[in-house]
Amino acid sequence: MKGTTPPKRAAALGSAGALVTATLIAGAVAAPSAVADARHGQDRETRGATIAAARAEQAGIDWQDCPADWGLEKPIQCGYVTVPLDYAKPYGKQIKLAVDRIGNTGTKEERQGALVYNPGGPGGSGLRFPRRVVTKNALWLNVSKAYDFVGFDPRGVGHSAPISCVDPQEFVKAPKPDPVPDTEADKRAQRKSAREYAEGCYERSGEMLPYMTTPNTVRDLDVIRAALGEKKLNFLGVSYGTYIAAVYGTLYPGHVRRMIADSVVNPSREKIWYEANLDQDIAFETRWNDWQDWVAKNDAVFHLGTTRAQVQAKWLELRATAKKDPIGGVVGPAELISFFQSAPYYDSSWIPVATVFSKYVAGDTQALVDAAAPDLTDTAGNAASENGNAVYTAVECTDAKWPTSWKKWDRDNTRLNKDYPFMTWANAWMNLPCATWPVKQQTPVNVKSGKGLPPVLIVQSERDAATPYDGGVELHKRFKGSRLITEKDAGSHGVTGLVNPCINARVDTYLLTGKVDATDVTCAPHATPKP
């Protein structure tokens, strides 16, 4: 379910900030009684979150210039918000979450508060969101007049008590084994490596793992709201960020002011997370086919074939070559999938991926090595990749119960791989640590609208690979009064970041006035990339 930037590893979906103990504001809120806690179970976390939010509201955020190595220029400011590791123990161990902001560009009268952003993952950092204002991103000019743009690193990510499952240099080492198994021995090797990965997560980050869940990230988000001095939350969630939105709207319906869910994770309990990943495999194949059709249409530029079948034949030939003898010694089938999967993810990758493929077929292997091989000298980037993958795994594995029977995994993925071979096995191995996860797996929240939830704006492209269309429909059904904007015949992931006036105007109107259309809307697709 990774969002916004394609992960370097063949994936489903893509270091400061150590654990600290905060000084508590004595007596800010009375400690709940242990007897009542025991009676209410789940209520302990709700109560703990209320205590943490009250504390954060009182403390505020000490905004400073951002640390030089965060890559966030002035006038963006950075700070921390302190939250409990375990909301059932609000006075216990605390962690610090990194946040940043840029003030609204309009007048004091135009200001409508803070707009908080999450780009997806699980494992994505939102800290680059305020840079949309610095770079004067045309799509966000109107909205930035009214809102401070606020980003944050969710718990476990980046500068927010980061977790790790394996040494980063080990994580990016290439070539990795071909995800598509030829033999039972291949499957055994992948199962062993998935089990070892789960064990590594526990060894390196065991204290954090039980609390790496979407409901805890949602509680953190409410504490951030309070620390910002906002009575209600304005939130834009993309990809996995839509699941954060779905759970926030369920747990805190009365705290929502405006909320946009863009490229929606199916919030049904039955889908979180095993089934959601299987659905993804089918959707990726569909979008892979769309890209190949486009490459074939542009054969005059790319010379990869005039039909989808010809382009696919070239892909299979490349895959077979890399399997037999990794290209440049480092690019095998796993690295190819990591690179090529960005084309079904994002239309913005269509031209770059096709260009590299075309160069390779014309005899330039270096272009492919440069694009698809890990850069072992990029220690910061590799640490970020490893951390993102660790958080992805920790959240999805801890959020919900996963099948523990290898027979089920084997049967489901063997069946899907027959018709949808592009991502199926790579996705299976990425998620398999969840089958032997070392901490208790939770029951997902039953997403539904509660009292006081205003209209939520849902934006979804019809052929999205990472978050299939049904997810948007399902959230729309569950959130009464929500509006669904469908981008027809399109499949790029993260629709609000694309130029499509039919969608952009509605996003602006909603964020600036709170108004939605009287009925759901279908928009024509944004422009297809032109090579």
Any chance the side chains of Asp399 and Trp273 put a donor and an acceptor closer than 3.5 Å?
-> yes

Thinking salt bridges, do Asp222 and Arg219 make one under a 4.0 Å N-O criterion?
-> no

Return the orientation label for the Tyr248 and Tyr252 ring planes: parallel under 30°, perpendicular over 60°, tilted otherwise.
-> tilted

May I ask you to check whether Asp153 and Ser125 show a side-chain donor-acceptor distance below 3.5 Å?
-> yes

Assign the ring pair Trp288 / Phe422 to parallel, tilted or perpendicular, where the plane angle (0 to 90°) is split at 30° and 60°.
-> parallel

Report yes or no: do Arg258 and Tyr147 form a side-chain donor-acceptor pair below 3.5 Å?
-> yes

Do Arg287 and Asp347 meet the salt-bridge criterion of a basic N to acidic O distance under 4.0 Å?
-> yes

Indicate whether any N or O donor in one side chain lies under 3.5 Å from an N or O acceptor in the other, for Ser239 and His493.
-> yes

Between Glu386 and Ser164: side-chain donor-acceptor atoms closer than 3.5 Å | yes

Mind checking side chain to side chain contact (heavy atoms under 4.5 Å, CB included) for Arg155 and listing every partner two or more places apart, or none if nothing turns up?
-> Val83, Leu85, Tyr87, Ile95, Leu97, Tyr211, Met212, Asn216, Thr217, Asp220

Between Tyr240 and Asn118, do the side chains contain an N or O donor and an N or O acceptor separated by less than 3.5 Å?
-> no

Relative to the ring of Trp409, is the ring of Trp402 parallel (under 30°), tilted (30 to 60°) or perpendicular (over 60°)?
-> parallel

Specify whether Phe149 and Phe129 have parallel, tilted or perpendicular ring planes, treating 30° as the upper limit for parallel and 60° as the lower limit for perpendicular.
-> parallel

Donor-acceptor side-chain pairing of Asn266 and Asp470 below 3.5 angstrom = no

Decide yes or no on side-chain contact (heavy atoms from CB on, under 4.5 Å) for Asp65 and Cys78, but give the supporting numbers first.
-> CA-CA 6 Å; Asp65 289 342; Cys78 291; over 6 Å; no

Any side-chain donor-acceptor pair under 3.5 Å between Asn104 and Gln112?
-> no

Examine the side chains of Tyr392 and Asn387 and answer whether a donor and an acceptor come within less than 3.5 Å of each other.
-> no

Test item: side-chain donor near acceptor, Asn500 and Asn504, under 3.5 Å = no

